[in-house]
Engineer: 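The structure that follows is given in the form of structure tokens.
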Amino acid sequence: QTGMFLFDPGFTITGSCASSISYSNAKGKLMYRGYSIEELIDKSSYMEVAFLLLYGDLPNQSELSVFEERIKDEMVVHEKLLDFYKGFTVNAHPMAIMCSVVGALSSFIHNTLDIKDPIQRELSAIKLLGKMPVIAAIAFRTSAGLPIVQPNKKLSYTENFLHMMFSDPMDSSFKVPKIFIEYFEKIFILHADNDQGPSTTAVRIAGSSLANPFASISAGVASLWGPMHGGANEEQLDVFTEIGTIDNIPAFLDQVKRKEKKLMGFGHRIYKNYDPRAKIIKQMCFELFYKLGIQDPLFEIAIKLEEIALKDEYFTKRNLYPNIDFYTGFLLRALQIPRNMFCVIFAITRSLGWIAQWREMMSEPVSRIGRPRQIYVGENLRQFVPIDERK
Ligand code: CMC
């Protein structure tokens with residue numbers, strides 16, 4: 001306590017806002033608008049969850065149809081936006097492209113957008129949801145040197161994303177396998193929101209200055225990219241490749257315990273029991289691998305590593321359990337998603353949570369700029385010395 005304010009680096013005990021969108025707790029509970037994630041995964045589609053997060057309640061059939069149509073109508077991106085992709089090198093990381101192109105949306109939409117108007121704020125949410133999977137799929141195709149595929153109004157939201165990712169322009173009979181759509185619906189739901197994570201906080205702080213929503217969302221994309229946040233799932237597959245065999249797990253864990261390495265996909269600021277999303281993803285891996293006849297030796301290492309870690313005092317004492325990123329990479333790999341797109345998938349789906357949180361913040365009667373304090377540890381007042389007198 002400084003007398004003036006609380007010193008809380010990393011915001012471990014600071015509540016920055018009141019929100020009714022998602023709730024998570026140490027015991028491993030996650031709810032969206034009061035519905036448990038386990039039930040939503042089982043019973044709802046991603047579009048229903050999108051409606052729920054944006055408007056507070058689940059839609060009836062006609063509300064859902066109108067909502068889906070509105071989003072599809074916003075999927076086409078401006079021709080000029082495509083020019084941005086030409087500036088990137090062929091091997092540019094798709095997240096680098098996402099940071100720039102999502103921000104660039106501001107220049108196409110912001111001029112005509114009045115963020116003080118709730119109707120226009122709602123419209124910007126629809127625009128963002130429509131354009132995110134398109135921008136992401138184009139980022140992938142550009143970085144892979146492949147021709148761009150346009151969205152198709154006949155396809156669902158998730159199917160459209162997969163269609164834009166994987167369609168072969170030479171094969172008009174191409175259809176995204178049903179099982180891929182089924183699993184992606186669930187992956188999208190699981191990543192949609194998780195209260196005030198770093199990227200959501202970044203969006204809220206950027207938006208609190210009354211920056212336009214697309215610039216604010218690009219702050220979220222940038223924050224998500226880091227390996228301690230959404231970038232963990234990309235790094236985590238390297239860990240298992242490095243471990244190589246089950247016999248090497250103890251030696252690797254010794255390095256983690258000596259703090260020479262971090263175990264990616266383990267630990268969470270909120271979940272101090274087990275991340276409920278990790279439980280679901282792990283189960284999805286077992287089911288998908290069985291259905292597709294996949295044997296993934298790295299997955300077997302991960303299972304064994306979890307088993308050993310959860311018996312080890314280093315992890316139990318610190319309440320470190322698998323988080324959502326521990327098993328997601330295996331699932332995405334089985335669904336043919338290249339590694340450099342793992343975090344992009346997270347960004348597409350978390351953009352729903354970001355824009356819902358941005359709208360919630362913007363609808364508050366009194367909005368305050370997000371502006372933490374600091375403890376100054378620099379010099380006291382010093383006398384200025386002219387340059388020719390300096391030693
Ligand atoms: N491997 C080894 N030790 C760890 C790990 C880990 N993955 N995570 C935390 N610890 C240790 C940490 O060193 C500290 O030890 P000590 O008490 O000796 O100083 C103790 O556990 C408490 O950790 P913390 O750093 O205070 O925890 P935090 O709440 O600040 O950080 C975290 C949470 C997720 C950033 C961290 O656990 C981490 O870096 N995990 C690895 C990266 C990762 O998987 N990130 C994805 C998070 S979930 C998806 C998302 O929402 O982004």
Side-chain angles (χ1 to χ4, degrees), residues 8-16 21-26 28-30 32 37 95 187-204 219-240 242-243 249-282 302 305-306 308-332 339 342-354 357:
D8 179 25
F11 309 132
T12 58
I13 50 167
T14 297
S16 60
I21 299 172
S22 61
Y23 169 82
S24 56
N25 71 18
K29 185 83 201 147
L30 172 61
Y32 294 163
I37 192 70
M95 276 301 276
I187 292 169
F188 273 27
I189 293 172
L190 284 173
H191 289 83
D193 202 44
N194 192 27
D195 73 69
Q196 305 307 313
S199 54
T200 303
T201 304
V203 170
R204 278 187 176 259
V221 177
S223 166
L224 186 74
W225 192 6
M228 289 180 57
H229 193 7
N233 57 15
E234 186 176 336
E235 299 233 335
Q236 170 267 14
L237 279 189
D238 284 342
V239 171
F240 299 111
E242 185 194 323
I243 296 172
I249 294 174
F252 171 79
L253 287 179
D254 284 343
Q255 288 180 304
V256 172
K257 291 191 273 181
R258 289 197 301 269
K259 307 243 186 225
E260 290 162 19
K261 289 195 167 139
K262 252 196 174 173
L263 176 52
M264 302 314 283
F266 248 69
H268 199 277
R269 175 65 60 81
I270 306 293
Y271 301 121
K272 298 300 182 193
N273 187 334
Y274 204 113
D275 183 335
R277 304 164 303 174
K279 249 183 219 164
I280 298 169
I281 298 255
K282 185 179 174 184
L305 190 149
E306 178 192 335
I308 298 174
L310 296 189
K311 284 186 193 136
D312 189 309
E313 206 196 29
Y314 176 92
F315 296 93
T316 53
K317 216 172 79 191
R318 292 173 175 77
N319 299 314
L320 300 172
Y321 290 87
N323 62 47
I324 190 170
D325 290 324
F326 195 67
Y327 291 110
T328 307
F330 298 110
L331 198 58
L332 292 176
R339 245 183 51 144
F342 289 1
C343 190
V344 176
I345 306 270
F346 200 155
I348 298 171
T349 155
R350 184 56 60 86
S351 64
L352 164 58
W354 293 333
Q357 301 255 356

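Both counts, for ligands and for their atoms, begin at 1 and track the order of listing.
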Engineer: Specify side chain, backbone, both or neither for Leu224, according to which of its non-hydrogen atoms lie closer than 4.0 Å to ligand 1.
Structural biologist: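 Contact part for Leu224 vs ligand 1: neither.
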Engineer: For His229, take its heavy atoms, then give the atoms of ligand 1 lying under 4.0 Å from any of them.
Structural biologist: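 Close to His229: 45 (N), 46 (C), 50 (C), 51 (O), 52 (O).
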Engineer: Give me the nearest non-hydrogen protein atom to atom 45 (N) of ligand 1 as residue plus atom name, then the distance to 0.1 Å.
Structural biologist: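 Ranking protein heavy atoms by distance from atom 45 (N) of ligand 1, first comes Met228 O, 2.9 Å.
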Engineer: Mind checking whether Arg318 contacts ligand 1 via backbone (N, CA, C, O), side chain (CB onward), both or neither, at a 4.0 Å heavy-atom cut-off?
Structural biologist: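 The part of Arg318 near ligand 1 is the side chain, not the backbone.
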Engineer: Any heavy atom of Gly10 closer to ligand 1 than 4.0 angstrom?
Structural biologist: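 No, Gly10 has no heavy atom closer than 4.0 Å to ligand 1.
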Engineer: What do we get for Ile324 next to ligand 1 when only non-hydrogen atoms under 4.0 Å count, side chain, backbone, both or neither?
Structural biologist: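 Looking at Ile324 and ligand 1, just side chain atoms fall under 4.0 Å.
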Engineer: Determine if the distance from atom 39 (O) of ligand 1 to the closest protein heavy atom is below 4.0 Å.
Structural biologist: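 Within 4.0 Å of atom 39 (O) of ligand 1, protein heavy atoms are found.
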Engineer: Taking the side chain as every heavy atom from C-beta outward, state whether Leu305 and Leu263 have any atom pair closer than 4.5 Å.
Structural biologist: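 Side chain of Leu305 against side chain of Leu263, heavy atoms only: contact under 4.5 Å found.
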Engineer: In the protein, what heavy atom is nearest to atom 28 (P) of ligand 1, and what distance, to one decimal place, separates them?
Structural biologist: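 Sorting protein heavy atoms by distance from atom 28 (P) of ligand 1 puts Arg269 NE, 3.7 Å first.
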Engineer: With the threshold set strictly below 4.0 angstrom, can you tell me whether any protein non-hydrogen atom sits that near atom 15 (O) of ligand 1?
Structural biologist: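 There is a protein heavy atom less than 4.0 Å from atom 15 (O) of ligand 1.
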Engineer: Flag Phe346 as yes when one of its N or O atoms lies below 3.5 Å from any N or O atom of ligand 1, and as no otherwise.
Structural biologist: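 N/O-N/O distance under 3.5 Å: no.
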Engineer: Where on Asn323 is there a heavy atom closer than 4.0 Å to ligand 1, on the side chain, on the backbone, on both, or on neither?
Structural biologist: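 The answer is the side chain.
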Engineer: Which residues satisfy the ring-ring contact (aromatic ring centres under 6.0 Å, His included) test with Phe240, sequence neighbours excluded?
Structural biologist: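 For Phe240, the residues satisfying ring-ring contact (aromatic ring centres under 6.0 Å, His included) (neighbours in sequence not counted) are Phe326, Phe330.
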Engineer: Could you establish whether Ser199 and ligand 1 come within less than 4.0 Å of each other, counting only heavy atoms on the residue side?
Structural biologist: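 It does not; every heavy atom stays at 4.0 Å or beyond.
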Engineer: Please tell me if atom 51 (O) of ligand 1 is touched by the protein, where touching means a protein heavy-atom distance below 4.0 Å.
Structural biologist: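 Yes.
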Engineer: Please identify each residue that fulfils ring-ring contact (aromatic ring centres under 6.0 Å, His included) with Phe342, with sequence neighbours left out.
Structural biologist: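 With sequence neighbours excluded, Phe342 shows a ring-ring contact (aromatic ring centres under 6.0 Å, His included) to no residue whatsoever.
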Engineer: Indicate yes or no: does an N/O atom of Phe315 lie under 3.5 Å from an N/O atom of ligand 1?
Structural biologist: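 No.
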Engineer: Are any non-hydrogen protein atoms located under 4.0 Å from atom 32 (C) of ligand 1?
Structural biologist: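 It does not: no protein heavy atom is found less than 4.0 Å away from atom 32 (C) of ligand 1.
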Engineer: Please work out whether any backbone atom (N, CA, C, O) or any side-chain heavy atom from C-beta onward of Pro198 is under 4.0 Å from ligand 1, and answer side chain, backbone, both or neither.
Structural biologist: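 Under 4.0 Å from ligand 1, Pro198 contributes no heavy atoms.
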Engineer: Among all protein heavy atoms, pick out the one at the shortest distance from atom 49 (C) of ligand 1; state its residue, atom name and that distance to 0.1 Å.
Structural biologist: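 Nearest neighbour among protein heavy atoms for atom 49 (C) of ligand 1, to 0.1 Å: Asp325 OD2, 3.3 Å.
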Engineer: Is a salt bridge present between Glu235 and Lys262, judged by a nitrogen-to-oxygen distance below 4.0 Å?
Structural biologist: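 Judged by the 4.0 Å cut-off on N to carboxylate O distance, Glu235 and Lys262 do not form a salt bridge.
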Engineer: Nearest 0.5 Å please: distance from the CD atom of Glu260 over to the CG atom of Asp254.
Structural biologist: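 If I round to the nearest 0.5 Å, the distance is 9.0 Å.
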Engineer: Any heavy atom of Gly197 closer to ligand 1 than 4.0 angstrom?
Structural biologist: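 It does not; every heavy atom stays at 4.0 Å or beyond.
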Engineer: For atom 35 (C) of ligand 1, is the nearest protein heavy atom closer than 4.0 Å?
Structural biologist: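 Flag for atom 35 (C) of ligand 1 set to true, protein heavy atom closer than 4.0 Å.
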Engineer: Suppose we measure from atom 41 (C) of ligand 1 to each protein heavy atom; which comes out shortest, and what is that distance?
Structural biologist: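 For atom 41 (C) of ligand 1, the nearest protein heavy atom comes out as Phe266 O, 3.5 Å.
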Engineer: Report, in ascending order of atom number, the atoms of ligand 1 lying under 4.0 Å from any heavy atom of Leu263.
Structural biologist: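 Counting atoms of ligand 1 from 1, those under 4.0 Å from Leu263 are 1 (N), 2 (C), 6 (C), 7 (N), 41 (C).
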Engineer: In this structure, does ligand 1 have an atom that sits under 4.0 Å from one of the heavy atoms of Tyr314?
Structural biologist: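 Heavy atoms of Tyr314 do come under 4.0 Å of ligand 1.
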Engineer: Report, in ascending order of atom number, the atoms of ligand 1 lying under 4.0 Å from any heavy atom of Gly265.
Structural biologist: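 Under 4.0 Å from Gly265, ligand 1 has these atoms: 43 (C), 44 (O).
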Engineer: For ligand 1, which atoms sit closer than 4.0 Å to a heavy atom of Met264?
Structural biologist: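 In order of number, 42 (C), 44 (O).
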Engineer: With a cut-off of 4.0 Å, which atoms of ligand 1 are near a heavy atom of Ala232?
Structural biologist: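 Under 4.0 Å from Ala232, ligand 1 has these atoms: 43 (C), 44 (O), 45 (N), 46 (C).
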Engineer: Tell me, which protein residue and heavy-atom name are nearest atom 23 (O) of ligand 1, and how many Å apart are they?
Structural biologist: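 Checked against all protein heavy atoms, atom 23 (O) of ligand 1 sits closest to Leu320 CD2, 4.9 Å.
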Engineer: Quick check on contacts: which atoms of ligand 1 are under 4.0 angstrom from a heavy atom of Gly267?
Structural biologist: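 Heavy-atom distances to Gly267 below 4.0 Å select 34 (C), 37 (O).
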Engineer: Rounded to the nearest 0.5 Å, what's the gap from NZ on Lys257 to CZ on Phe315? Could you check?
Structural biologist: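 Output value for this atom pair is 7.0 Å.
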Engineer: Can you find a protein heavy atom closer to atom 26 (O) of ligand 1 than 4.0 Å?
Structural biologist: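 Within 4.0 Å of atom 26 (O) of ligand 1, no protein heavy atoms are found.
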Engineer: For ligand 1, which atoms, with element, lie under 4.0 Å from some heavy atom of Lys259?
Structural biologist: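 Every atom of ligand 1 under 4.0 Å from some heavy atom of Lys259: 12 (C), 13 (O), 14 (C), 15 (O), 16 (P), 18 (O), 19 (O).
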Engineer: If every non-hydrogen atom of Glu306 is compared with every non-hydrogen atom of Tyr274, which pair is closest and at what distance?
Structural biologist: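 The answer is OE2-OH, 2.8 Å.
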Engineer: Under 4.0 Å, counting heavy atoms only: does Asn194 come that close to any atom of ligand 1?
Structural biologist: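 No, that is not the case, since the closest heavy atom of the residue is not under 4.0 Å from the ligand.
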Engineer: Quick one: do the Thr328 and Asn233 side chains pair a donor with an acceptor below 3.5 Å?
Structural biologist: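 No donor-acceptor contact under 3.5 Å links the two side chains.
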Engineer: Verify the contact flag for atom 18 (O) of ligand 1, where contact means a protein heavy atom under 4.0 Å away.
Structural biologist: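 Flag for atom 18 (O) of ligand 1 set to true, protein heavy atom closer than 4.0 Å.
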Engineer: In terms of atom number and element, which parts of ligand 1 are under 4.0 angstrom from non-hydrogen atoms of Gly230?
Structural biologist: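 Numbered from 1, ligand 1 contributes 52 (O).
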